Amino acid sequence: MSTPEVKLQQASFTISAPDIRRLPDDSGIEVAFAGRSNAGKSSALNALTHQKSLARTSKTPGRTQLINVFEVADGQRLVDLPGYGFAKVPLEMKKKWQKALGEYLEKRESLQGLVVLMDIRHPLKDLDRDLIEWAADSELPVLVLLTKSDKLSQGKASAEVLKVKKALKSLNADIKVQAFSSLKKTGVAQATQVIGNWLSADEQAE
């Protein structure tokens with residue numbers, strides 16, 4: 001049976017929420033994007049949806065302090081979670097983000113897949129690893145996008161992908177790893193396919 005086509009370019013901004021209580025009803029299917037504040041999360045969302053400014057990119061990492069929700073179709077949403085691990089943010093604010101992030105991940109029933117973004121030159125920092133391990137324990141499928149792959153040669157980028165795959169293999173979980181570049185559009189088609197499959201899980205099950 002063929003997978004129903006999900007058109008990520010139809011995504012439109014719905015709401016920014018400080019915590020899960022202000023989010024849309026917990027129904028349908030959501031795919032969440034998480035990553036360190038400088039991992040290029042906003043740029044990746046824009047590349048995947050073929051929109052220049054769906055997610056606001058900022059010269060100052062750490063500006064995504066809210067949970068941003070984008071509707072792709074009825075009951076299908078992309079969720080941009082607060083960036084984590086940026087050193088220059090006041091501790092109180094950092095704690096608030098981490099709480100919002102943790103609550104969302106633990107309590108949101110409609111969450112069907114997690115996209116974790118990491119700079120290909122500095123992958124698998126402690127918080128990245130914690131997040132992926134949590135998802136593995138929760139049996140939540142993960143797509144790891146190693147961003148800014150245009151900064152490396154193709155050979156070096158491929159070697160980094162293999163290294164990360166190897167490091168995560170022991171988790172024995174549904175984790176896909178790929179190189180990604182918002183600038184060169186590397187990996188956009190593959191990532192779109194994975195995210196589309198997650199968002200259409202209900203339709204495939206019928």
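The model shown is predicted, which means the values in this text are computed figures rather than measured ones.
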- Item | Main-chain N/O of Ser149 paired with Ser181 side-chain donor or acceptor, under 3.5 Å | no
- With a 4.5 Å limit on heavy-atom distance, are the side chains of Leu23 and Ile67 in contact? yes
- Message: Quick check: do Ile195 and Leu48 have side-chain heavy atoms less than 4.5 Å from each other?
- Response: yes
- Query: Counting only N and O atoms by type, is there a donor-acceptor contact under 3.5 Å from the side chain of Asp26 to the main-chain atoms of Glu109?
  - Reply: yes
- Message: Please tell me whether Ile20 and Ile15 are part of a single hydrophobic cluster in this structure, the criterion being side-chain heavy atoms less than 4.5 Å apart.
- Response: yes
- Query: How far does CG of Leu127 sit from CE of Met118, to the nearest 0.5 angstrom?
  - Reply: 12.0 Å
- Message: I need the minimum non-hydrogen distance between Val6 and Gly196, along with the two atoms involved.
- Response: CG2-O, 3.5 Å
- With a 4.5 Å limit on heavy-atom distance, are the side chains of Lys176 and Val142 in contact? no
- For Pro18 and Leu66, the nearest pair of non-hydrogen atoms, with its separation, is CA-CD2, 3.6 Å
- Would you call Arg108-Glu103 a salt bridge at under 4.0 Å N-O? no
- Message: Contact between Trp198 and Leu143 at the side-chain level, heavy atoms closer than 4.5 Å - yes or no?
- Response: yes
- Query: Going from CZ on Phe33 to CG on Leu145, what distance comes out if it is rounded to the nearest 0.5 angstrom?
  - Reply: 7.5 Å
- Query: Quick one: CD1 on Ile29 to CD on Gln76, what's the gap to the nearest 0.5 Å?
  - Reply: 6.5 Å
- Task: Provide the full list of salt bridge (Lys or Arg N to Asp or Glu O under 4.0 Å) pairs with a residue in residues 120-146, sequence neighbours left out, each pair given once.
- Result: Asp119-Arg121
- Nearest atoms (heavy-atom pairs only) where Gly28 meets Ser110: O-CB, 3.2 Å
- Message: Less than 4.5 Å apart, side chain to side chain, heavy atoms only: is that true for Phe180 and Val188?
- Response: yes
- Query: For the atom pair CG (Leu124) and CD1 (Ile132), what is the distance rounded to the nearest 0.5 Å?
  - Reply: 5.5 Å
- Look only at the side chain of Lys7 and the backbone of Val72, and say whether a donor-acceptor pair between them is shorter than 3.5 Å. no
- Evaluate the side chain to side chain contact (heavy atoms under 4.5 Å, CB included) criterion for residues Leu105 and Trp134: first the C-alpha distance (whole Å), next the side-chain angles of each, then the deciding distance (0.1 Å), finally the verdict. CA-CA 9 Å; Leu105 292 170; Trp134 172 85; 3.5 Å; yes
- Euclidean distance, Ser12 OG relative to Leu54 CG, rounded to 0.5 Å: 8.0 Å
- Message: Do Tyr104 and Val79 make a side-chain contact, defined as non-hydrogen atoms from C-beta onward lying under 4.5 Å apart?
- Response: yes
Contacts table for residues 156-165: side-chain donor-acceptor under 3.5 angstrom, sequence neighbours left out:
unit_1 : atom_1 : unit_2 : atom_2 : d
Lys156 : NZ     : Glu160 : OE2    : 3.2
Ser158 : OG     : Gln154 : O      : 3.0
Glu160 : OE2    : Lys163 : NZ     : 3.3

- Note on the structure: Here the pair of heavy atoms bringing Pro123 nearest to Ile120 is CD-O, 3.4 Å
- Item | Side chain to side chain, Val69 and Leu78, heavy atoms closer than 4.5 Å | no
- Evaluate whether atom NZ of Lys185 has more than 12 neighbouring non-hydrogen atoms of other residues, nucleotides or ligands under 6.0 angstrom away. yes
- Query: Got a donor-acceptor contact below 3.5 angstrom from the Asp150 side chain to the Lys184 backbone?
  - Reply: no
- Message: Name the residue from Asp80, Thr147, Asn46 that meets the side chain to side chain donor-acceptor pair (under 3.5 Å) definition with Lys41.
- Response: Asp80
- Query: Would you say Ser16's side chain and Asn68's backbone share a donor-acceptor pair under 3.5 angstrom?
  - Reply: no
- Return yes if some donor-acceptor pair links the side-chain N/O of Gln51 with the main-chain N/O of Ala11 below 3.5 Å, else return no. yes
- Would you call Glu71-Arg77 a salt bridge at under 4.0 Å N-O? no
